[in-house]
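Worksheet for the structure shown next.
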Amino acid sequence: MARAAKGSATTAGSAKTAAEQAVKAALDPYRRKRDFAKTREPAQGGDAGVGGLRFVVQKHHARRLHYDFRLELDGTLKSWAVPKGPCLDPKVKRMAVQVEDHPLAYGDFEGDIPPGQYGAGHVIVWDKGQWLPEGDARSGLRSGKLKFELRGHKLQGRWTLVRMHGKARQEERQPAWLLIKEQDAQARPLDEYDLTEAEPDSVRSLPAAPGAVAPEPAPETAPKPARASRRAALPDTLQPQLATPADHPPAAAQRADWLWELKYDGYRLLTHIDAAGRVRCFTRNGHDWSARLQPLVRALQQLPVRACWLDGEIVVEGEQGAPDFQALQNAFDQGRTEAIVYWLFDAPFLAGEDLRDQPLALRHAQLQSLMQAVPLPPLLRLSEVFDAPPESLLAAAAKLGFEGLIGKRVDAPYQSQRSPHWIKLKHRLRQEFVIGGYTEPQGARSGFGALMLGVHAQEGSRRVLRWCGNVGTGFDARQLGVIHQRLRAHESSRCPFDPPPAGMHARGAHWVRPVLVAEVAFGQWTREGRVRHAVFQGLREDKPAREIVREAPGVEPAAAPAPAQARAVPTVRHAPRITHAERVIDRHSGATKGELVAWYAQAAAQMLPHLKGRPVALLRAPAGVGGEVFFQKHAKEQQLPGVRQLDPALDPGHAPLLQIDQAAGLLQLAQLNTIELHTWNARSDRIAQPDRLCFDLDPGEGVAWECVQEGALLLRTMLEELGLVPFLKTSGGKGLHVVVPIRRGPDWDTAKGFAQAVVAHLARTLPDRFVQKSGPRNRVGRIFVDYLRNGFGATTACAWSVRARPGLGVSVPVGWDELPQLRSGAHWGLRDAPARLAVGNTPWAAMARSSRALGGAMRVLGYTPGAD
DNA sequence: GGTCTCG
DNA sequence: CGAGACCAACGCCCT
DNA sequence: AGGGCG
C-alpha cells in the first residue's frame with residue numbers, strides 16, 4: 001500500500017487536525033486496554049483504504065474463538081466481535097457485539113497476543129477487502145442500522161448490521177448487533193455451505209481488494225457441518241409411563257380418544273440407544289439388563305435409529321403364541337434369553353428428538369415408520385394399535401390368551417409416572433353355565449331376581465352339577481320376562497346342585513331342571529369356585545347343558561379369529577412434530593390441539609378422497625376458537641410434507657395454491673392451527689371448469705331447525721326436478737350443505753349464475769322462507785342460501801372438516817333419509833364424530849356416478865348464461 | 001404457527 | 001433478536 | 001368511492 005494514499009482520506013488544513021484529534025479520542029478506550037510494551041498490536045496509525053473503505057475480519061483464538069468484524073470509518077476501524085463468525089445464509093443472523101474502535105493499522109495485524117494481555121491468543125486476518133455503505137454510514141451507525149456491500153475474498157454481496165434494543169449492553173458501551181447476509185447472488189443456505197468451516201485460513205498474503213469475486217469452493221468439497229439442532233439432550237435414564245387399572249372401558253362417548261393395545265404379560269423394558277448406536281436396556285426400576293439380554297441388544301442395534309428411548313415389554317411366547325409369564329421367568333432362570341421377544345409400543349425420544357409432548361398417536365406413528373423402514377429383526381415386534389370397541393378387542397385378546405388390553409389416550413403426552421391416560425383393562429372371563437334355579441324378584445323388579453349358575457364337575461365316579469354363584473345383572477326388562485317364562489316351563493321341586501347352595505331358601509329359590517344354558521361374563525373365579533362380578537350375556541341354545549364344565553382360562557384351542565374387524569390405525573409417513581398439543585383450542589368444549597390433530601389423523605382416510613385433486617383453503621386459528629383467525633389459500637414460503645404447491649398459473653398473480661394428497665399434509669396443517677379445510681368446486685387438473693355446485697343453507701336469527709331441514713328438502717326437490725342429484729352434509733355449524741356433482745364443461749360464471757338462478761327461484765317461490773341476499777338485516781327468520789360459493793376461487797368447508805366455532809362441529813356427509821334425525825348442523829362434533837367414521841362416506845357413495853350436465857337443468861330453469 | 005421485514 | 005404484519009375474496013353495509 | 005364487516 002502506497003503511503004501516498006494517506007492524504008486522500010483526510011482533508012487539508014485545520015480540519016485535518018480536528019479529524020486527527022477525533023481519531024485519537026476514539027481510540028482512547030483501545031489504548032487504555034493494552035500495554036504496548038507487551039503486545040505487538042499497533043497503538044495507532046495505519047492506512048486508509050485505496051479508492052474506498054477497508055474492512056477486515058480477524059479470526060481470534062482468544063479464550064473463546066470468535067471473529068472480529070471491522071469496518072473503516074472516519075479514520076478508525078469500527079469493530080464488532082462476532083462469536084460464530086459471518087454466515088452467508090440470510091436466514092442465519094449472527095450476534096455481533098460492538099467493541100471499541102481499533103486503529104486502521106490493526107487491520108494488518110496477525111500474530112499472537114501474549115498471555116495476560118487483553119484478548120490474549122492467536123489472531124489471523126480471515127478476510128479483508130472493501131466495504132461500500134448504502135446511504136450514510138455515520139447516521140446508520142448512530143441509528144442502529146447499517147447496510148453495506150462487502151468486496152472481500154470470502155465475504156461478498158450485501159449485508160446488514162442491525163442494533164438490538166437490549167438495554168443492559170447499551171450502557172456498558174457494548175451494544176449487541178446482528179450481522180445478517182442479505183438475499184443476493186452470494187447468499188447460500190448454511191446447510192449447503194458453511195463458510196467459516198470451509199474457509200478457516202488466513203488471507204493476509206492475498207491482495208487486499210480483489211478486483212474480481214474470488215471463486216467459491218464447490219459445495220461438494222465443503223465438509224458437511226455437524227450442526228447442532230434444537231434437539232433435546234437425551235436423558236440417561238427414563239422412568240416408564242405406567243397404566244392405571246380400570247374396571248370398565250371408557251364411556252362410549254369418549255371412545256374416540258382411546259387407542260388399544262394388547263397387554264403383554266412380561267417385563268417392561270426401556271431401551272436407550274445413544275448417538276453412537278450403543279444399546280442399553282433397562283427394567284422399569286432402572287436396572288440395566290443389557291448383559292442378560294444380549295440377543296435383544298444385537299437385534300436393537302439393527303434398528304436404523306440413534307439417540308432414542310424406546311419403550312416396550314419383553315415376553316416369551318407360550319404355545320399359543322400368547323405371552324407366557326412363567327416361560328419368561330424360566331427363560332431368565334435358565335439363561336435362555338434367545339426366546340425372549342420385545343414388543344415395542346412407544347418412542348419417548350426418537351432420533352434425538354424429545355417426543356414426549358407429542359400425542360401418543362404420533363409417537364406411535366413415528367415408531368411404526370421407523371420399524372417399517374427395515375426388515376425387522378425377528379426378536380423385535382411392533383405392538384399393533386387398534387381403535388375398535390374395547391369390548392370386542394377384549395374378547396379377541398382373551399381368546400388369544402392375552403391378559404387384557406392397555407388403553408391409551410391418543411392425544412396424551414408421555415409421562416414418567418402412573419397416569420390416567422393409560423389404563424389397563426383385564427379381560428373378563430366368560431363362559432356358559434347351566435341354570436339350576438332362580439330367586440324371587442325383589443322390590444320393583446319383575447320376573448326373577450338372579451339366575452343360579454352351575455357347571456358339571458366330576459366327583460369321584462359321580463358327575464355332579466356344582467353351584468358356582470348367581471348372576472343378577474345384565475338383563476333388560478324384556479329378557480327378564482322371556483327368561484322367566486322359560487324358567488317356569490322347567491320348574492322343578494328338586495335342587496339340581498350338589499351340594500345344594502346354602503341360604504337360598506331365604507331368598508325364595510326356585511329350582512329348575514338343568515337344561516337352560518346362560519352365557520355369563522365375570523371378573524374371576526373365587527377360590528371357592530364361585531364367579532365374581534358376573535354379568536348375564538344371553539341364553540345359549542347351541543350347546544347342550546350336559547357339556548357345560550368349568551373352562552380353563554386362555555386355553556381355548558380353537559384358532560382365534562384376528563381381533564374382530566379392528567382397523568389398525570394407518571401409518572402416517574412424515575408425521576409432523578406437534579407443538580403445544582395440550583393447548584385448549586376451544587374453551588367451550590375444552591378440546592385441545594392434540595385432539596384436533598388426533599381427529600385429523602383418524603379421519604384422514606375418509607377425508608382425503610374429498611381433498612385429493614382439489615385446491616384447498618385453510619382457516620387457521622393460532623389463538624384458538626374465538627381468537628383471531630385468518631384464511632389462507634396460497635403459500636410459497638413454507639413447503640410442508642404432504643402439502644402440494646400447485647402450478648402458480650392456476651391462480652395467476654398469487655403464490656401457489658395448495659392441495660392435500662396425504663395424511664401427513666393434513667397433520668402438518670393441523671400443527672399450523674388449521675381448524676377448517678375448505679375445498680374448491682373444481683379439480684386442479686381443470687381448474688376453469690367446476691365439477692360440482694355447493695349450496696350453503698345458513699339459517700338467519702331465529703329460524704327453527706325444522707325449517708332448515710324443510711328448506712334442505714325443498715332445495716333437494718327443486719334440484720331433482722332440474723335433473724340433478726344433490727347430496728347432503730352437515731355444515732358443522734348452523735346449517736346444512738347441499739352438494740351437487742355436475743359434469744365438467746360450464747365455466748365458473750355459468751355455474752355461479754345457475755346457482756344464483758336456483759336460489760333466486762327458491763326465494764321467489766317461498767319468499768318467507770328463503771333469501772338470496774346475504775346480510776343479517778333482511779335475513780331474520782329466513783334461510784340464506786349462499787350461492788356465492790360457486791365462483792372461481794370460492795370454497796366450502798370440506799367433508800369431515802372441523803369448524804372453528806364453539807363446540808367444534810364437524811361437517812359430516814349424511815344420507816337424505818338421515819335428515820329428519822339430525823338435531824342441528826353441528827349434529828356431530830370433534831368428540832363424537834369418530835364414531836361416525838365407521839359409516840364414513842357411504843352416504844355419498846353414489847356421488848361419483850351422479851354428475852349431470854348442467855345444460856338440461858339450465859333449460860328447465862330457463863337460465864341463460866350471461867343474461868343476469 | 002411460520003415467515004418475512006424492519007430496526 | 002424482537003415486534004409487527006401477513007396469511008381470501010366477495011357482496012354486504014355504512015359513511 | 002372507500003373502508004369495515006362477515
Side-chain angles (χ1 to χ4, degrees), chain A residues 82-84 89-98 134-135 139-147 160-170 175-183 187 230 576-581 583 585 593 596-597 615-624 627-640 643 651 653-658 667-680 696 698 700-701 733-734 748-749 752 755-756 759 771-779 784 786-797 804-805 868:
Chain A
V82 184
K84 294 183 178 175
D89 189 337
K91 289 191 180 65
V92 178
K93 304 158 178 54
R94 288 287 158 86
M95 167 85 80
V97 178
Q98 190 172 8
E134 286 175 18
S139 70
L141 203 58
R142 229 177 300 119
S143 66
K145 182 180 178 181
L146 202 54
K147 282 181 177 284
T160 302
L161 266 169
V162 168
R163 188 166 60 214
M164 288 190 285
H165 300 293
K167 269 273 171 283
R169 274 252 157 77
Q170 304 262 22
W177 296 59
L178 295 170
L179 177 62
I180 306 163
K181 179 77 194 78
E182 294 284 291
Q183 198 63 255
R230 59 197 152 100
R577 173 184 189 81
I578 303 300
T579 59
H580 307 113
R583 211 188 55 214
I585 57 167
K593 182 180 174 186
L596 180 76
V597 173
V616 70
L618 319 172
L619 183 69
R620 296 175 52 188
E628 208 161 298
V629 300
F630 62 89
F631 231 87
Q632 185 170 9
K633 290 171 69 173
H634 311 96
K636 170 144 69 207
E637 325 303 353
Q638 241 164 321
Q639 334 217 47
L640 303 169
V643 180
D651 196 6
H654 289 280
L657 289 167
L658 304 175
L667 302 189
Q668 291 281 358
L669 294 176
Q671 158 61 12
L672 298 187
N673 302 302
T674 302
I675 297 187
E676 301 188 5
L677 294 104
H678 296 226
T679 44
W680 286 45
D696 176 12
D698 190 0
E701 199 67 38
K734 282 200 300 186
W748 287 103
D749 287 344
K752 182 169 154 188
Q756 180 174 18
V759 176
V771 283
Q772 186 201 162
K773 291 205 186 308
S774 80
R777 231 36 47 120
N778 45 22
R779 199 161 134 189
F784 168 58
D786 187 354
Y787 66 91
L788 293 165
R789 295 158 182 279
N790 294 294
F792 177 86
T795 59
T796 304
R805 304 159 177 274
D868 260 358

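Chain A is the first sequence line, chain B the second, and so forth, proteins listed ahead of strands; every chain is numbered from 1.
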Taking the side chain from A:E676 and the backbone from A:A804, do they hold a donor-acceptor pair closer than 3.5 Å?
-> yes
Look up atom CZ in A:R620 and atom OG1 in A:T674, then write down how far apart they are to the nearest 0.5 Å.
-> 5.5 Å
Polar pairs (N or O, both sides) under 3.5 Å between protein and nucleotides 2-6 of chain B?
unit_1 : atom_1 : unit_2 : atom_2 : d
B:dG2  : O4'    : A:Q638 : NE2    : 3.4

Between atom CH2 in A:W680 and atom C1' in C:dA8, what is the gap in whole Å?
-> 10 Å
What closest approach, in Å, do A:L788 and A:A794 show between heavy atoms, and which atom pair accounts for it?
-> O-CB, 3.6 Å
Heavy-atom closest pair (A:Y787 atom, A:V759 atom, distance to 0.1 Å) is CB-CG2, 3.9 Å
Taking CG from A:N790 and C1' from C:dC10, how many angstroms apart are they, rounded to a whole number?
-> 13 Å
Could you state the interatomic distance from CD1 (A:I585) to CG (A:L596), rounded to the nearest 0.5 Å?
-> 4.5 Å
Pairwise P distance, C:dA9 and D:dA1 [rounded to whole Å] = 23 Å
Atom CD1 in A:I578, atom CG in A:L667: separation rounded to 0.5 Å?
-> 6.0 Å
With P as the reference atom in both, quote the distance from D:dC5 to C:dA5 in angstrom, rounded to an integer.
-> 16 Å
Separation of C:dG11 atom P from A:D696 atom CG, nearest Å, is 16 Å
Between C:dC10 (P) and A:D749 (CG): distance, integer Å = 11 Å
Using whole Å, report how far OH of A:Y787 lies from P of C:dC12.
-> 6 Å
Given side chains that start at C-beta, do those of A:R583 and A:N673 come closer than 4.5 Å, heavy atoms only?
-> yes
Rounded off to whole Å, could you give me the CZ-to-P distance for the A:F784 and C:dC10 pair?
-> 15 Å
Within the pair A:H634 and C:dC6, is there a side-chain N or O less than 4.0 Å away from OP1 or OP2?
-> no
Round to a whole Å and report the spacing from NE2 of A:H678 to P of C:dC7.
-> 18 Å
In terms of side-chain heavy atoms of A:K633, which of C:dA8, B:dG1, C:dG11 is nearest?
-> C:dA8
With the criterion being N/O to N/O and under 3.5 Å, what pairs connect the protein with nucleotides 3-6 of chain D, and how long is each?
none

A:D786 atom CG is separated from C:dC12 atom P, nearest whole Å, by 11 Å
When rounded to the nearest Å, what value does the distance between P atoms of C:dA8 and D:dG2 take?
-> 23 Å
Evaluate the ring planes of A:H654 and A:H634, with Trp represented by its six-membered ring, and classify them as parallel (under 30°), tilted (30 to 60°) or perpendicular (over 60°).
-> parallel
For the pair A:R94 (side chain) and A:K84 (backbone), establish whether a donor and an acceptor sit closer than 3.5 Å, ignoring hydrogens and angles.
-> yes
